[in-house]
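Here the structure is laid out as structure tokens; the discussion comes afterwards.
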Amino acid sequence: MRLFGKKDKTPCPLCGGEVTGLFKTKIGGKQEICRECTDKISMQKELLKNAGVEFVREHLAFREEQAKVYATLHFTHSFNFDNSLTVEADEQNRLVAIGVRDFNSWTHPLVLSYDDLTGYELWLQKKKLDDDKTPGETFAMSVSSTLTKLVSTGSGNDTQFYTLKLKTTNQYWPEMEILISVPKDLKYEGYQNNMAGIGQLLKCIVRKEPFSMRV
């Protein structure tokens with residue numbers, strides 16, 4: 001115990017570094033980790049808060065390997081929506097890279113095999129617009145038709161928030177919920193190609209169908 005009742009700082013259980021800052025990240029056992037380690041982690045929040053030290057260390061090693069794999073990929077399809085979500089596919093190696101700002105995976109995207117993706121859904125608030133079991137209507141058509149109705153009736157806000165839900169076999173991201181904000185102005189730059197492409201590509205991968213742009 002130090003003077004004035006201050007406790008000695010417990011080092012980061014992952015790297016031994018100093019844990020500083022007001023808003024500290026905690027893993028299983030309420031152990032606090034340093035900012036440097038926090039910035040490297042891209043794991044489902046529900047898993048992280050209960051994760052043991054070894055599980056997180058394995059995750060960090062996995063992310064380092066993913067960064068090496070990502071650097072070797074040759075993408076046949078690449079989509080960037082509003083600088084908040086990127087989806088890139090290497091068809092030859094059957095790998096898809098997903099970068100999400102909210103998942104701490106923007107500069108080092110999550111790399112999954114096509115077989116890792118097992119489920120796809122698109123929601124507008126509590127209404128499901130599309131999923132991998134629905135034939136016919138594509139992601140772009142689902143979103144466009146909804147926005148067109150909102151514009152024509154004058155209802156809703158200028159921006160609508162969609163949730164893209166993905167299920168995977170990846171132990172660190174068994175489920176992904178990606179929030180996408182879409183302006184009601186359908187002439188928004190990049191909307192037609194990028195948002196439509198992202199949804200259609202992911203849906204085709206889950207359905208094990210060849211991908212083709214249908215806007």
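Predicted model, so just to flag it, every value in this text is computed and none were measured.
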Q. Is K167 atom NZ crowded by more than 12 heavy atoms from other residues, nucleotides or ligands, each under 6.0 Å away?
A. no

Q: For R35, check side chain to side chain donor-acceptor pair (under 3.5 Å) against everything at least two apart and list the hits.
A: none

Q.
Under the rule for side chain to side chain donor-acceptor pair (under 3.5 Å), what residues qualify as partners of E18, not counting sequence neighbours?
A. K9

Q: Provide the full list of ring pair (Phe, Tyr, Trp, His ring centres under 6.0 Å) pairs with a residue in residues 30-62, sequence neighbours left out, each pair given once.
A: F55-Y172, H59-Y172, F62-Y172

Q.
Count I, L, V, M, F, W, Y as connected when their side-chain heavy atoms are under 4.5 Å apart, and connections chain through other members. Are V111 and V87 then in the same cluster?
A. no

Q) How would you list, by chain and number, every residue that makes a side chain to side chain donor-acceptor pair (under 3.5 Å) with T163, sequence neighbours excluded? A) none

(Q) Test your reading of the model: is there a side-chain donor-acceptor pair from N104 to the backbone of I41, 3.5 Å cut-off? (A) yes

Q.
For V100, is there any backbone N or O sitting under 3.5 Å from a side-chain donor or acceptor partner on S105?
A. yes

(Q) For E121, give me all partners under salt bridge (charged side-chain N to carboxylate O under 4.0 Å, His left out), at least two apart in sequence or on another chain. (A) K128

Q.
Classify the ring geometry of H77 against F211: parallel below 30°, tilted from 30° to 60°, perpendicular beyond 60°.
A. perpendicular

Q: Give the C-alpha distance, both sets of side-chain angles, the deciding distance and a yes or no for side-chain hydrogen bond (donor to acceptor under 3.5 Å, both in side chains) between Y114 and E91.
A: CA-CA 9 Å; Y114 281 14; E91 287 191 313; 4.7 Å; no

Q) What pairs of residues pass the ring pair (Phe, Tyr, Trp, His ring centres under 6.0 Å) test when at least one of them lies in residues 85-108, not counting sequence neighbours? A) F103-W173

